[in-house]
Amino acid sequence: MPSLSDLKNWKALQNRRIIISDFPIRRTFPQLKICGQTLTNNNIKSRSDCDRLKAFHQETSEKIAVLKSNFENCKLIYDVYSDIAETYYDISKEDYISSLISEKKREEEKRMKQHKLHGR
């Protein structure tokens with residue numbers, strides 16, 4: 001726990017009109033120093049400034065969530081179009097139909113072998 005003289009010498013609190021009781025009591029002096037740096041960096045001089053910053057953080061978090069959702073939707077659409085382009089490319093090959101027929105024959109042969117093995 002910081003001494004009273006430590007808190008009085010703490011420049012961030014001397015220059016601000018923040019009531020020390022606004023800070024949780026169980027904080028250590030380094031934690032309070034970090035809080036003071038945060039106050040200084042964000043130009044927080046009063047409780048209303050702090051509330052304004054919290055509201056801004058909330059709005060920003062909501063915007064980020066919407067953007068993440070939009071990005072995921074764009075990714076899904078991209079995946080669909082990518083699959084369509086890949087299929088179109090495969091179809092445009094000269095041997096696409098013959099490869100489909102060969103694949104179908106292999107599947108049929110595999111199914112027949114499994115049927116014979118399980119049938120015995």
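As the structure is a computational prediction, the values presented were derived from the model and not from experiment. Just so it is clear, the values below take in all heavy atoms, side chains as well, and ignore hydrogens, waters and symmetry mates.
The salt bridge (Lys or Arg N to Asp or Glu O under 4.0 Å) search around Arg111 returns Glu108, not counting sequence neighbours. Residues forming a side-chain contact (heavy atoms from CB on, under 4.5 Å) with Glu107 (at least two apart in sequence, or on another chain): Glu103, Lys104. With sequence neighbours excluded, the residues that form a side-chain contact (heavy atoms from CB on, under 4.5 Å) with Leu100 are Tyr96.
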Identify every side-chain donor-acceptor pair in residues 73-91 under 3.5 Å, counting partners at least two apart or on other chains, and give the distances.
| from | atom 1 | to | atom 2 | distance (Å) |
| --- | --- | --- | --- | --- |
| Thr87 | OG1 | Asp83 | O | 2.9 |

Give every donor-acceptor pair under 3.5 Å between a side-chain atom in residues 53-68 and any protein atom, sequence neighbours left out.
| from | atom 1 | to | atom 2 | distance (Å) |
| --- | --- | --- | --- | --- |
| Gln58 | NE2 | Glu62 | OE2 | 2.9 |
| Thr60 | OG1 | Phe56 | O | 2.8 |
| Ser61 | OG | His57 | O | 2.9 |

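A distance of 10.0 Å separates CD of Glu109 from CE of Met112, quoted to the nearest 0.5 Å.
Contact record, Lys45 with Asn43: CE-OD1, 3.1 Å, taken as the closest heavy-atom pair.
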